[in-house]
Amino acid sequence: MPLLGLAVPRPGDEGRTVNVGIVQGNVPGEGMYALGDEPAVVLRNHANETKRLAQAVREGKLPKPDLVVLPENSTDIDPYRDEYARQIIHDSVQDVGVPTLVGAVVAIGTEHRATRSLVWDPVTGPTQRGHADVWTES
């Protein structure tokens, strides 16, 4: 269920707030490694909840966010290597219409993966400067 209204002060803009939309799409069962044959379920859940947030804004139920945040592992498919994942994320970010921080599991070379926070622009897609490694595994 999308939540909205976390007021975050902007540095240098005392007295101003930023509306942050926070999306939690959930995963089935015990988490992303219990998904069996359908790994894209995590990605679709978060994209669908982002679109629900956008719809609630259009209907006047929630104020428009300045930024949307999706959690770590909100896409279990690397959007840099998979066009399907990239398009699903881009469609949902376009729908909400504001920059979105996307937690993504991405490939690092051929043997490692990392969870990165990707800054996704609704027009241009993921920025190259918005990456932060959270963890890696062999």
Side-chain angles (χ1 to χ4, degrees):
M1 179 76 150
L3 302 174
L4 190 63
L6 177 62
V8 178
R10 289 185 190 184
D13 287 344
E14 290 79 10
R16 293 186 60 198
T17 58
V18 176
N19 286 325
V20 179
I22 300 173
V23 173
Q24 176 58 52
N26 293 322
V27 298
E30 298 295 317
M32 69 182 277
Y33 295 108
L35 299 177
D37 294 337
E38 195 178 5
V41 71
V42 173
L43 169 60
R44 285 194 309 271
N45 285 354
H46 285 87
N48 289 340
E49 290 303 316
T50 302
K51 288 182 175 195
R52 283 185 57 203
L53 170 61
Q55 184 63 35
V57 169
R58 283 191 293 275
E59 292 172 353
K61 294 177 182 175
L62 294 172
K64 183 174 182 176
D66 299 301
L67 170 74
V68 171
V69 177
L70 281 69
E72 176 182 18
N73 299 344
S74 57
T75 177
D76 48 341
I77 301 173
D78 186 342
Y80 291 116
R81 294 190 177 196
D82 188 283
E83 183 58 34
Y84 172 76
R86 183 181 184 89
Q87 194 59 52
I88 286 177
I89 295 166
H90 194 68
D91 288 348
S92 66
V93 173
Q94 276 186 319
D95 194 24
V96 79
V98 297
T100 302
L101 188 64
V102 178
V105 177
V106 299
I108 305 296
T110 59
E111 297 182 24
H112 301 282
R113 297 178 348 145
T115 299
R116 286 190 167 169
S117 295
L118 310 178
V119 177
W120 206 287
D121 183 90
V123 176
T124 61
T127 66
Q128 293 301 315
R129 291 168 285 156
H131 299 178
D133 284 339
V134 178
W135 55 263
T136 60
E137 65 180 31
S138 299

_For the residue pair Gln55 / Arg58, report whether a side-chain donor-acceptor contact shorter than 3.5 Å exists._
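Gln55 and Arg58 do have a side-chain donor-acceptor pair below 3.5 Å.
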*Determine whether the side chains of Glu49 and Asn45 contain a donor N or O and an acceptor N or O closer than 3.5 Å.*
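Side-chain D/A pair, Glu49 to Asn45: absent.
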Using atom types as modelled and distance alone, determine if a side-chain donor or acceptor of [X] lies under 3.5 Å from a backbone N or O of [Y].
X	Y	result
Ser92	Ile89	yes
Thr100	Val98	yes
Ser74	Gly103	yes
Asp78	Ala107	yes
Asp95	Ala54	no

*If you round to the nearest 0.5 Å, how far is CD1 of Ile88 from CZ of Arg44?*
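The CZ atom of Arg44 sits 6.5 Å away from the CD1 atom of Ile88.
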*asked:* Please report the interatomic distance OG1(Thr127) to CH2(Trp120), rounded to the nearest 0.5 Å.
replied: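 Here the interatomic distance stands at 10.0 Å.
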Close side-chain approach of [X] and [Y], heavy atoms under 4.5 Å:
X	Y	result
Arg86	Pro126	yes
Leu101	Val119	yes
Asp91	Val93	no
Arg81	Val106	no
Ser117	Val102	no

*asked:* Applying side-chain contact (heavy atoms from CB on, under 4.5 Å) to Val42 and Thr75, what does each step give before you reach the verdict?
replied: CA-CA 6 Å; Val42 173; Thr75 177; over 6 Å; no
Shortest non-hydrogen contact from [X] to [Y]?
X	Y	answer
Gln24	Pro71	OE1-CG, 3.5 Å
His90	Asp121	CE1-O, 3.8 Å
Ala85	Asp82	N-OD1, 2.8 Å
Leu53	Leu62	CD1-CD1, 3.7 Å
Lys64	Val96	CE-O, 4.2 Å
Pro122	Pro99	CD-N, 3.8 Å

_Evaluate Val41 against Leu43 for side-chain contact (heavy atoms from CB on, under 4.5 Å), listing each step before the verdict._
CA-CA 5 Å; Val41 71; Leu43 169 60; over 6 Å; no
_Pairing residues for Glu59 by the salt bridge (Lys or Arg N to Asp or Glu O under 4.0 Å) criterion, not counting sequence neighbours_ =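 Counting only residues at least two positions away or on another chain, Glu59 forms a salt bridge (Lys or Arg N to Asp or Glu O under 4.0 Å) with Lys61.
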*Step by step, work out the side-chain hydrogen bond (donor to acceptor under 3.5 Å, both in side chains) result for Thr115 and Asn73.*
CA-CA 7 Å; Thr115 299; Asn73 299 344; 3.1 Å; yes
